[in-house]
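First up is the structure itself, then whatever we jot down about it.
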Amino acid sequence: MFTHTSSLRLDEAGRGVAIISSPKAFALISVTTWWFMLLLCPDQRTSQLGTTPNIKQIVLGRCYNYITFVNPSMRYDCEDIWRRFEELVVRKSSCNVTVEDYHQIFYEAPQAWPCDRFLFWSKTRTLMHSYSAVVRHFWTLEDTLVGYMFNHLIWCGQEEDTAGFNFSSCPEWSACKNHPVYSLWRLASTNFAEMACGNITVLLNGSIVNAFNRKSMFASVELDVLSPRKVDYVNIKVVTNLEGPFIESCCQGSVVDLIQILQSRGFQWTCTDNDHTLMVLQSIQNPKRSSCQTCASHSSI
């Protein structure tokens with residue numbers, strides 16, 4: 001494991017990476033089963049399919065689960081949040097829902113997180129969830145109420161005046177600027193990054209070209225919103241598949257571009273290649289691989 005860092009307070013930069021049991025155990029039990037799936041996979045938010053079937057039941061069920069088990073200290077009106085969401089989407093065509101249109105929904109579900117717990121990611125979805133399940137403190141966009149409610153879902157309204165969701169076909173994100181799914185996630189990402197403070201962590205996929213993709217939600221939205229006055233350290237973790245390919249690292253590829261951007265904006269930063277905890281999580285997928293045996297040998301030393 002190789003670590004690169006900017007100067008100042010290196011002891012602070014490493015906080016919050018010890019493996020312990022997560023306080024969000026109930027909500028994250030299903031996440032731990034994902035360890036046996038492919039851990040480095042691209043984001044799958046775009047689709048040509050129509051609105052997710054039973055979307056109302058799914059969203060309301062997730063909302064009630066969230067306020068009952070995930071974050072019982074919060075009080076939200078799930079029915080009202082759904083009503084505002086439904087009215088907004090079904091009254092507009094599938095390419096005419098703006099970021100501003102969703103402001104009322106986020107106003108109904110305000111949240112704030114303690115510092116040093118923010119985990120950002122790009123092209124590492126499943127590994128990110130596994131990581132946050134076993135490492136203390138980490139919270140992701142999907143741990144917020146809105147992120148939890150709408151994760152992996154698709155939705156759009158009818159193109160014509162007919163009211164209701166379109167369950168037959170929705171455009172891909174790239175098809176239009178004001179895509180209803182893209183607009184919600186853009187605002188959610190903005191709000192999440194605005195809350196970020198203390199030491200934050202960014203998880204990138206070193207087994208693909210452009211681990212730091214300028215078109216990703218992290219690069220195009222969240223990074224611009226992060227404030228060097230609130231964020232003490234940006235801790236970058238570049239992880240590759242254990243068997244490769246080994247394309248990008250802290251010293252090569254687009255990750256270097258990210259570091260240069262952070263430096264130009266006055267952020268302190270660290271960058272780690274193949275963090276040991278992340279390697280162990282990948283080994284759980286197939287412990288008989290030779291690379292996993294090497295990892296196990298190092299763990300026993």
Side-chain angles (χ1 to χ4, degrees), residues 1-5 13-44 116-143 151-152 199-213 216 218 234-255 258 269-301:
M1 180 179 73
F2 299 94
T3 302
H4 309 262
T5 179
R15 287 187 297 179
V17 296
I19 301 178
I20 66 167
S21 299
S22 171
K24 302 174 289 180
F26 182 92
L28 293 171
I29 287 175
S30 60
V31 173
T32 59
T33 63
W34 296 358
W35 290 349
F36 298 94
M37 300 169 59
L38 185 62
L39 293 179
L40 289 174
C41 62
D43 195 344
Q44 298 291 328
D116 303 316
R117 297 190 178 188
F118 292 81
L119 176 61
F120 296 83
W121 59 277
S122 183
K123 306 300 182 183
T124 53
R125 177 192 292 273
T126 308
L127 182 58
M128 171 274 298
H129 282 297
S130 298
Y131 192 44
S132 65
V134 299
V135 178
R136 183 181 57 180
H137 294 317
F138 281 147
W139 289 90
T140 69
L141 175 59
E142 291 77 10
D143 291 316
N151 195 23
H152 291 299
N199 294 324
I200 68 171
T201 299
V202 180
L203 189 58
L204 300 178
N205 187 345
S207 285
I208 62 173
V209 176
N210 291 327
F212 173 62
N213 190 325
S216 68
F218 170 70
V234 179
N235 301 313
I236 307 166
K237 296 183 182 295
V238 184
V239 59
T240 59
N241 289 311
L242 294 180
E243 306 295 340
F246 307 99
I247 298 176
E248 298 206 359
S249 68
C250 294
C251 296
Q252 67 180 34
S254 61
V255 181
L258 170 58
W269 58 273
T270 69
C271 189
T272 303
D273 291 321
N274 294 318
D275 177 87
H276 183 70
T277 302
L278 294 170
M279 293 176 66
V280 170
L281 290 177
Q282 290 187 82
S283 293
I284 294 175
Q285 177 191 4
N286 188 350
K288 294 185 178 180
R289 289 186 302 190
S290 58
S291 54
C292 292
Q293 297 300 315
T294 302
C295 184
S297 297
H298 290 167
S299 298
S300 61
I301 296 176

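This chain uses plain numbering: 1 for the first residue, then up along the sequence.
- For F218, there are no ring pair (Phe, Tyr, Trp, His ring centres under 6.0 Å) partners, not counting sequence neighbours.
- Under the 3.5 Å distance criterion, the side-chain polar atoms of S216 are left unmatched by any main-chain donor or acceptor of F212.
- Side-chain contact check for N274 and T240: at least one donor-acceptor pair (N or O, by modelled atom type) lies under 3.5 Å.
- A donor-acceptor pair under 3.5 Å is absent between the side-chain atoms of T124 and the main chain of W121, judged by distance alone.
- Between M128 atom CE and K237 atom NZ the span is 15.0 Å, to the nearest 0.5 Å.
- Under the side chain to side chain donor-acceptor pair (under 3.5 Å) criterion, S254 pairs with E248, sequence neighbours left out.
- No side-chain heavy atom of L258 sits under 4.5 Å from any side-chain heavy atom of V234.
- The side-chain heavy atoms of E142 and H152, taken from C-beta on, include no pair separated by under 4.5 Å.
- Between S283 and L242, the closest heavy-atom pair is OG-CD1, 3.5 Å.
- Residues C250 and I236 have side chains not in contact (no heavy-atom distance under 4.5 Å, counting atoms from C-beta outward).
- At least one donor-acceptor pair closer than 3.5 Å links the side chain of D116 to the backbone N or O of N199.
- Interatomic distance, F118 CZ to L141 CG, rounded to the nearest 0.5 Å: 11.0 Å.
- At a threshold of 4.5 Å between non-hydrogen side-chain atoms, the residues D275 and Y131 count as touching.
- Atoms CZ and CG, on R125 and N151 in that order, are 5.5 Å from each other to the nearest 0.5 Å.
- Side-chain atoms of L278 and L203, non-hydrogen and from C-beta on, do get closer than 4.5 Å to each other.
- Side-chain contact between C271 and V238 is present, with at least one heavy-atom pair separated by less than 4.5 Å.
- Atom CG of N210 sits about 11.5 Å away from atom CG of N205, to the nearest 0.5 Å.
- The CD1 atom of I208 sits 10.0 Å away from the CG atom of N241 when rounded to the nearest 0.5 Å.
- Atom-to-atom distance recorded for I200:CD1 and R117:CZ is 15.5 Å, nearest 0.5 angstrom.
- Although no hydrogens or angles enter the test, the distance criterion places a donor-acceptor pair under 3.5 Å between the side chain of S207 and the main chain of P245.
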